[in-house]
Amino acid sequence: MGTAKYKRVVLKISGEAFRGGKEFGIDAAVTGGIAKQIKNVVEMGVGIAIVVGGGNIWRGAEAEKNGMDRVTADYAGMLATVINALSLQDMLEREGVTTRTQTAISIQQVAEPYIRRRAIRHLEKGRAVIFAAGTGNPYMTTDTAAALRAIEIEAEVLLMGKNNVDGIYNADPNKNRNAKKFDKLTYLEALNLRLEVMDSTALSLCLENNLPIIVFDIRAPRSIERAVIGEPIGTLVSSE
Ligand code: UDP
């Protein structure tokens, strides 16, 4: 086990990562593997807050295409992230990691409401914190929620865990064999690429607040730990 470069991090896990190899829903083996990785990071003394996506269950924009009211569809999407959060919470607790889930939409029988100072206190006590229900607002994404929460709790880095790509490329590597991977990019370069890997609202927030981002493949063994140690992994987006 290496020495952590960062003392406090936010990890974004996309819904796709929860889906793993399954067509729909949650792949227990993959989620369990992620929980084990998070445990190792907690044991390094790193404060880790996890923002969960929901795209494996529901995407507001897709429901809108089928005629659903967008705002209602987005609230359904936010609730989908709560399902992933509870699954991850359970996996973490099974690994022996004390975990608290906080939601941006109050569901008090199920989880705590999001309270910034309380979240920081949990981290200081060595608990893993899961942030669910995105920002609590429609027309937003969980990427934006991750950037926002990272800035709010003064995390030093935003770790974007992906399951379909291992960094940022100049074209979609799953469609274009000649796509080239970047080891590092500036915020402006990343914004100009109009990436699918992260939305521009989230990127702009990181730029304005100088929050470094690491985009990496969460399926790779020890990937979260490697990012936290500061080993070169995936693509680093920063001001330099
Ligand atoms: N969502 C939202 N506001 C937020 C975060 C999420 O309305 O702040 C909704 C939106 O409908 C989105 C869905 O929740 O499609 C799932 O989140 P997201 O697509 O960000 O998950 P991911 O792509 O990471 O799996």
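The residues of the chain are indexed from 1 along the displayed sequence. Counting convention: from 1, in listed order, for ligands and their atoms alike.
With hydrogens left out, the protein atom closest to atom 20 (O) of ligand 1 is Thr142 OG1, 2.6 Å, a heavy atom. Here the heavy atom of the protein found nearest to atom 10 (C) of ligand 1 is Asp74 OD1, 3.3 Å. Ranking protein heavy atoms by distance to atom 16 (C) of ligand 1, first place goes to Trp58 O, 3.7 Å. Scanning all protein heavy atoms for the shortest distance to atom 5 (C) of ligand 1 gives Thr141 C, 3.4 Å. Remark: minimum distance from atom 6 (C) of ligand 1 to any protein heavy atom is reached at Met140 O, 3.6 Å. Here the protein heavy atom with the shortest distance to atom 19 (O) of ligand 1 is Arg59 NH1, 3.1 Å. Of all protein heavy atoms, the one lying nearest to atom 24 (O) of ligand 1 is Lys12 NZ, 2.7 Å.
Note: no N/O pair closer than 3.5 Å links Thr81 and ligand 1 by distance alone. For a threshold of 3.5 Å applied to N or O pairs, the pair formed by Gly60 and ligand 1 contains at least one separation below that value. Residue-to-ligand polar distances place Gly55 within reach of ligand 1: an N/O pair is separated by less than 3.5 Å.
The shortest side-chain heavy-atom distance between Glu154 and Ile120 does not fall under the 4.5 Å cut-off.
Applying the 6.0 Å contact sphere to NZ of Lys181 captures more than 12 heavy atoms from other residues, nucleotides or ligands.
Ranked by closest heavy atom to atom 3 (N) of ligand 1, the top entry among Asn137, Thr72, Val71 is Asn137. Among Gly54, Ser14, Gly77, Ala73, the residue whose heavy atom sits closest to atom 14 (O) of ligand 1 is Gly77.
Each of the atoms 4 (C), 8 (O) of ligand 1 lies under 4.0 Å from some heavy atom of Thr135. Short contacts between ligand 1 and Pro138, defined as distances under 4.0 Å to a heavy atom of the residue, involve ligand atoms 7 (O). Residue contact check: Gly53 has heavy atoms under 4.0 Å from atoms 21 (O), 22 (P), 24 (O), 25 (O) of ligand 1. Interface of Gly15 with ligand 1, defined as ligand atoms under 4.0 Å from a residue heavy atom, comprises 22 (P), 24 (O), 25 (O).
The closest donor-acceptor contact from the side chain of Thr142 to the backbone of Ala145 lies at 3.5 Å or more, if one exists at all. Side chain of Trp58 to main chain of Ala73: a donor-acceptor pair is present (N/O by atom type, distance under 3.5 Å, no hydrogens or angles). For Asp27 (side chain) and Gly21 (main-chain N/O), a donor-acceptor pair under 3.5 Å exists by modelled atom type. Listed for the Ser204 side chain is no donor-acceptor partner under 3.5 Å among the backbone atoms of Ala202. Between the Thr186 side chain and the Glu240 main chain, no donor and acceptor come within less than 3.5 Å of each other.
Note that Arg100 lies outside the cation-pi zone of Phe131, set by a 6.0 Å cut-off to the ring centre and a 45° limit from the axis.
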Are Phe18 and Val30 close enough, and set up right, to give a side chain to side chain contact (heavy atoms under 4.5 Å, CB included), and what steps lead you there?
CA-CA 7 Å; Phe18 282 96; Val30 170; over 6 Å; no

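Using a 3.5 Å distance cut-off with no hydrogens or angles, the side chains of Asn56 and Asn84 do pair a donor with an acceptor. In this structure, a donor-acceptor pair under 3.5 Å is present between the side chains of Thr101 and Gln89.
Ala145 does not count as a contact of ligand 1, since none of its heavy atoms falls under 4.0 Å from the ligand.
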